[in-house]
Undergrad: 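Mind looking over this structure? Questions follow.
Index from 1, following the sequence. Note that the coordinates shown come from a computational prediction; the quantities given were computed from them, not determined experimentally.
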Amino acid sequence: MDSVNITELDVGHGNCTFIHSNNNFVIIDAAVSSAIQDALHSRNITKIDTVIVSHADAYHIGGIIALLLDDSLTIQKVYVNSDSAKDTKLWTEFRIALQVARKEKNTKVNAAINTDTENLAYDKFELEVLSPNPIECLTGPGAKDEKGRKINANSMSVVIRLLHEGEKIALIPGDMDSHSL
């Protein structure tokens, strides 16, 4: 069995998950913390295959800005859902950093990730999106779902299941709430 590693970084209030094998490196969420870049540099990581943003709260996107702008790192792809209700300076800075990475490093931005997204397949593992559903993504936070419940950022939080050789290994829930549960 080939090795797949999952690392949860202690970044204080917030989340940051590394999933990696010999050939692939994925980051899910990143709060502002020098620990993230330190961990990447200490492992000699210069290429990140994918960054997944569970949702637009500060403690999930803040550290990604530094990664996108780091000249020693290349991020190939970013998955993030829009959040028209988010009107913060940090969300604006995140979108600007995405634009810079698109132009200068050819980072691809996927502005939708939901249960209709095909499994993200890598050499030794797959990531399956369990939430949110695509219909709620059409309206996003601030809207109401088909049952009349208000959708918020946590309702839209991307929930990922790590699969290795077809086995369910881990659940990365973002800030999943009872609605997405």
Undergrad: Would you say the side chain of Thr115 lies within less than 4.5 Å of the side chain of Pro132, judging by non-hydrogen atoms?
TA: no
Undergrad: Using every non-hydrogen atom in the two residues, find where Ile27 and Cys16 come nearest and quote the distance to one decimal.
TA: CG2-SG, 4.1 Å
Undergrad: Please check if the side chain of Asn114 supplies one atom and the backbone of Asn133 the other of a donor-acceptor pair under 3.5 Å.
TA: no
Undergrad: Identify the residue among Ile48, Ile6, Thr7 that makes a side chain to side chain contact (heavy atoms under 4.5 Å, CB included) with His20.
TA: Thr7
Undergrad: Is there a path of hydrophobic side-chain contacts, each under 4.5 Å between heavy atoms, that joins Leu163 and Ile172?
TA: no
Undergrad: Hey, what else clusters with Leu138 if you join Ile, Leu, Val, Met, Phe, Trp, Tyr whenever side-chain heavy atoms sit under 4.5 Å?
TA: Ile135
Undergrad: Is atom CZ of Arg102 surrounded by more than 12 heavy atoms (other residues, nucleotides or ligands) closer than 6.0 Å?
TA: no
Undergrad: Is the number of heavy atoms from other residues, nucleotides or ligands within 6.0 Å of CD (Glu146) greater than 12?
TA: yes
Undergrad: May I have the step-by-step check of side chain to side chain contact (heavy atoms under 4.5 Å, CB included) for Val129 and Ile160, ending in yes or no?
TA: CA-CA 5 Å; Val129 180; Ile160 300 288; 3.9 Å; yes
Undergrad: State, with a plain yes or no, whether a side-chain heavy atom of Leu68 is found less than 4.5 Å away from one of Val100.
TA: no
Undergrad: How many angstroms lie between atom CG of Leu98 and atom CG of Leu69, to the nearest 0.5 angstrom?
TA: 9.5 Å
Undergrad: Is Gln99 close to Lys103 at the side-chain level, that is, under 4.5 Å between some pair of heavy atoms?
TA: yes
Undergrad: Just to verify, what does Glu126 make a salt bridge (Lys or Arg N to Asp or Glu O under 4.0 Å) with, not counting sequence neighbours?
TA: none
Undergrad: What residues, two or more places apart in sequence or in another chain, satisfy ring pair (Phe, Tyr, Trp, His ring centres under 6.0 Å) together with Tyr122?
TA: Phe125
Undergrad: Who passes side-chain contact (heavy atoms from CB on, under 4.5 Å) against Asn22, sequence neighbours left out?
TA: none
Undergrad: Drop me the distance from Asn24's CG to Leu120's CG, to the nearest 0.5 angstrom.
TA: 11.0 Å
Undergrad: Do you know which two heavy atoms are closest between Ala56 and Ile61, and how far apart they sit?
TA: O-CD1, 3.7 Å
Undergrad: Below 30° counts as parallel, above 60° as perpendicular, anything between as tilted: where do the rings of His60 and His55 land?
TA: tilted
Undergrad: With sequence neighbours left out, write down each residue that passes side-chain contact (heavy atoms from CB on, under 4.5 Å) with Ala39, or none if nothing qualifies.
TA: Leu9, Phe18
Undergrad: Run the side chain to side chain contact (heavy atoms under 4.5 Å, CB included) check on Thr117 and Asn110 step by step: do they pass?
TA: CA-CA 10 Å; Thr117 302; Asn110 292 280; over 6 Å; no
Undergrad: Rounded to the nearest 0.5 Å, what separation is found between the CD1 atom of Ile52 and the CD1 atom of Ile28?
TA: 4.5 Å
Undergrad: Testing Pro141, Ser131, Ser54 one by one against Met156 for a side chain to side chain contact (heavy atoms under 4.5 Å, CB included), which residue passes?
TA: Pro141
Undergrad: Could you list all the side-chain hydrogen bond (donor to acceptor under 3.5 Å, both in side chains) pairs where at least one residue sits in residues 72-83, not counting sequence neighbours?
TA: Asp70-Ser72
Undergrad: Out of curiosity, Leu67 CG to Leu73 CG, how far, rounded to the nearest 0.5 Å?
TA: 6.0 Å
